[in-house]
Amino acid sequence: MKIAIGSDHAGYGLKAKLTAYLNSKNHSVCNFGTNSPDSVDYPDFAHPVAEAVENKEVRFGVLICGSANGVAMTANKHQKIRAAIAWNRQLSKLARQHNNANILCIPARFVTPQMATMMVKDFIETKFEGGRHKRRVGKISC
């Protein structure tokens, strides 16, 4: 599966670990940066990830910043994006099951690398339930 990943400086270390995990599972990872711990602006990385998902260049996106709020707000400006913040496995699964989320936003300052890895695994393996949720998801875009 092809997956886009991006982060700001706060998520740089976690992004490297998640990229290694995804590569070990034979996923193709498109890295949109940042590629160092130097201070950067999260929209510069969230927009390209969202565009890659929106244009169907990749199946899913993963965005990481300190709280996940900034990257989620940025990604959700794109009409075909449903970016969800999760800090545990249940939220990651529900984002897919009930909201058909296509970008997982992870708060690097609030999760361990092990938790983040399991959240990414769950996110990409969980199917959208459809049904009553499909109707609701259809009402999200403006």
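The figures here come from the full heavy-atom set of this structure, side chains too, leaving out hydrogens, waters and symmetry mates.
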* **Test log, rule side-chain contact (heavy atoms from CB on, under 4.5 Å), inputs Leu18 and Ile106** => CA-CA 11 Å; Leu18 293 175; Ile106 302 173; 3.9 Å; yes
* same_hphob_cluster(Leu14, Leu91) at 4.5 Å side-chain heavy-atom cutoff -> yes
* Do Ile5 and Met115 share a hydrophobic cluster, counting only Ile, Leu, Val, Met, Phe, Trp and Tyr and linking them when any side-chain heavy atoms are less than 4.5 Å apart? -> yes
Within the distance-only criterion (no hydrogens, no angle test), does the side chain of [X] pair as donor or acceptor with the backbone N or O of [Y] below 3.5 angstrom?
X      : Y      : result
Glu54  : Lys80  : yes
Ser141 : Gln79  : yes
Asn99  : Ala101 : no
Asp8   : Ala10  : yes
Asn69  : Ala72  : no
Thr19  : Lys15  : yes

* Would you please name every residue forming a side chain to side chain donor-acceptor pair (under 3.5 Å) with Asn55, sequence neighbours left out? => none
* Only counting residues at least two apart or in another chain, list the ones meeting salt bridge (Lys or Arg N to Asp or Glu O under 4.0 Å) with Arg59. => none
* State which residues pass salt bridge (Lys or Arg N to Asp or Glu O under 4.0 Å) with Glu125; sequence neighbours excluded, sorted by chain then number. => Lys121
* To do: With sequence neighbours left out, write down each residue that passes side-chain contact (heavy atoms from CB on, under 4.5 Å) with Ala50, or none if nothing qualifies.
  => Ala75, His78, Ile81, Ile103
* Between Lys2 and Cys30, does a side-chain contact (heavy atoms from CB on, under 4.5 Å) hold up when you go through it step by step? -> CA-CA 7 Å; Lys2 205 168 184 183; Cys30 299; 3.5 Å; yes
* Which residue pairs pass the salt bridge (Lys or Arg N to Asp or Glu O under 4.0 Å) test with at least one member in residues 81-102, sequence neighbours excluded? -> Arg89-Asp122
* Qualifying residue for side-chain contact (heavy atoms from CB on, under 4.5 Å) with Ile3, from Val58, Asn31, Leu22 -> Leu22
* **Verdict with reasoning, Leu104 to Ser92, per side-chain contact (heavy atoms from CB on, under 4.5 Å)** => CA-CA 7 Å; Leu104 176 63; Ser92 179; 4.1 Å; yes
What's the spacing between [X] [atom1] and [Y] [atom2] if we round to 0.5 Å?
X      : Y      : atom1 : atom2 : value
Phe45  : Ile64  : CZ    : CD1   : 12.5 Å
Cys105 : Tyr42  : SG    : OH    : 11.5 Å
Thr34  : His9   : OG1   : NE2   : 9.0 Å
Glu129 : Gln97  : CD    : CD    : 4.5 Å
Lys17  : Tyr12  : NZ    : OH    : 11.0 Å
Met119 : Thr126 : CE    : OG1   : 12.0 Å

* Not counting sequence neighbours, list each pair that qualifies as a ring pair (Phe, Tyr, Trp, His ring centres under 6.0 Å) and has a residue in residues 97-142. => Phe60-Phe123, His98-His133
* What closest approach, in Å, do Ala68 and Cys65 show between heavy atoms, and which atom pair accounts for it? -> N-SG, 3.2 Å
